[in-house]
Amino acid sequence: MIKEFLKSFQILTLPEIENFETVLVKKTLKKGDFFINEGKLSKEVAFINSGILRSFFTPESGEEITYCITFPGTLMAAYSAFITGLPTVENIQAVADSELLIIQKKEVDKLLETSPNWIRFFKIIAEQQYLELEKRLFLFQKEKAKKRYADLLENQPGYIQQIPLQYLASYLGITPRHLSRLRREIHL
């Protein structure tokens, strides 16, 4: 799956992709395991081969706020901490049993020195992350919860049932009770 993902950008050469594959380390997480915890340094990026991860933080109220859910075929990191080298303010946890392919930051830095193709690739990844964040922000502020849920159902129908109700509700910015009502409405 990683090879197809990298090829889809039509930037990297086959030898560059094959070299990338040699530095990846497979990591499995059981449901509930953490990829990274708040306060730790983010020194790796994961490609999600299978499973689902959620990013969340815990404000002073103590109630976890899920702000990102990531599905197979995508990259995941505590990105701002990865860039700055500062401890992360988020947690990333497996919502389902997951298989990740991990690359260390030092390996990413080496790749960036070897070819302008890698610079282009990571620039596009950063741009995509920004666009996803902006889309989520606009959806959250512009659309009602029903539309946000319908959008998620449309884009990730095979995975949505694997996400516990409280995480999904938090991600949508509603209560679990409200989400239960939405599910009944939409599935009628």
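- By the 6.0 Å contact criterion, CD on Glu134 is enclosed, its count of non-hydrogen atoms from other residues, nucleotides or ligands being greater than 12.
- Of the options Lys144, Glu154, His178, Arg183, a side-chain hydrogen bond (donor to acceptor under 3.5 Å, both in side chains) to Tyr149 is made by Arg183 and by none of the others.
- Atoms CD1 and OG1, from Ile36 and Thr88 in turn, are 5.0 Å apart once rounded to the nearest 0.5 Å.
- Rounded to the nearest 0.5 angstrom, Leu75 CG and Leu101 CG are separated by 10.0 Å.
- Using a 4.5 Å cut-off on side-chain heavy atoms (C-beta onward), Asn91 and Ser55 make no contact.
- Classification of the Phe47-Phe5 ring pair by plane angle, with boundaries at 30° and 60°, yields tilted.
- Distance alone, capped at 3.5 Å, places no donor-acceptor pair between the Asp151 side chain and the Lys147 backbone.
- Counting heavy atoms from C-beta outward, Leu100 and Thr28 have side chains that stay 4.5 Å or more apart.
- No salt bridge links Glu44 with Lys105; every basic N to acidic carboxylate O contact stays at or beyond 4.0 Å.
- A salt bridge between Glu132 and Arg136 is absent, with no side-chain N of the basic residue lying under 4.0 Å from a carboxylate O of the acidic one.
- The shortest side-chain heavy-atom distance between Leu24 and Ile102 does not fall under the 4.5 Å cut-off.
- Considering all non-hydrogen atoms of both residues, Ala96 and Ser98 come closest at O-OG, 2.7 Å.
- In this structure, Val95 is not a member of the same hydrophobic cluster as Ile48, with clusters built from ILVMFWY side-chain heavy atoms closer than 4.5 Å.
- To the nearest 0.5 Å, atom CH2 of residue Trp118 and atom CG of residue Leu111 are 5.0 Å apart.
- Side chains of Gln128 and Ile124 form a contact here, defined as non-hydrogen atoms less than 4.5 Å apart.
- The aromatic rings of Phe82 and Tyr79 lie parallel to each other, their planes meeting at an angle below 30°, with 60° marking the opposite boundary.
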* Kindly determine whether Glu185 and Arg181 satisfy salt bridge (Lys or Arg N to Asp or Glu O under 4.0 Å), including the steps that lead there. => CA-CA 6 Å; Glu185 285 177 31; Arg181 281 195 305 268; 5.7 Å; no
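- Two residues are said to be in side-chain contact when any heavy atoms from C-beta on lie closer than 4.5 Å; Glu16 and Ser115 meet this criterion.
- Note that CD of Gln93 is 10.0 Å distant from NZ of Lys31, once rounded to the nearest 0.5 Å.
- In the hydrophobic clustering of this structure, Phe34 does not group with Val25; members are Ile, Leu, Val, Met, Phe, Trp, Tyr whose side-chain heavy atoms approach within less than 4.5 Å, directly or through other members.
- Using a distance-only test at 3.5 Å, with no hydrogens or angles considered, a donor-acceptor pair links the side chain of Asp33 to the main chain of Lys30.
- Rounded to the nearest 0.5 angstrom, Glu21 CD and Ile2 CD1 are separated by 7.5 Å.
- Here the side chains of Pro59 and Ile65 are in contact, with some heavy-atom distance below 4.5 Å.
- Between Leu168 and the options Ile163, Thr66, Ile174, a side-chain contact (heavy atoms from CB on, under 4.5 Å) holds for only Ile163.
- The environment of Lys27 atom NZ is dense: over 12 non-hydrogen atoms of other residues, nucleotides or ligands sit within 6.0 angstrom.
- Taking the side chain as every heavy atom from C-beta outward, Arg54 and Met76 never approach each other to under 4.5 Å.
- Cluster annotation: Phe57 and Tyr167 are assigned to distinct hydrophobic clusters (Ile/Leu/Val/Met/Phe/Trp/Tyr, side-chain heavy-atom contacts under 4.5 Å, transitive).
- No side-chain heavy atom of Ile52 sits less than 4.5 Å from a side-chain heavy atom of Thr70.
- Criterion: ILVMFWY side-chain heavy atoms under 4.5 Å apart, direct or through other members. Under it, Met1 and Phe20 are part of a common hydrophobic cluster.
- Atoms OG1 and CD1, from Thr22 and Ile17 in turn, are 12.5 Å apart once rounded to the nearest 0.5 Å.
- Of the charged side-chain nitrogens involved, at least one lies within less than 4.0 Å of a carboxylate oxygen, so that Glu107 and Lys110 count as a salt-bridged pair.
- Looking at every heavy atom in both residues, Leu41 comes nearest to Pro87 through CD2-N, 3.7 Å.
- If you chain together hydrophobic residues whose side chains sit under 4.5 Å apart, Leu53 and Ile69 never meet in one group.
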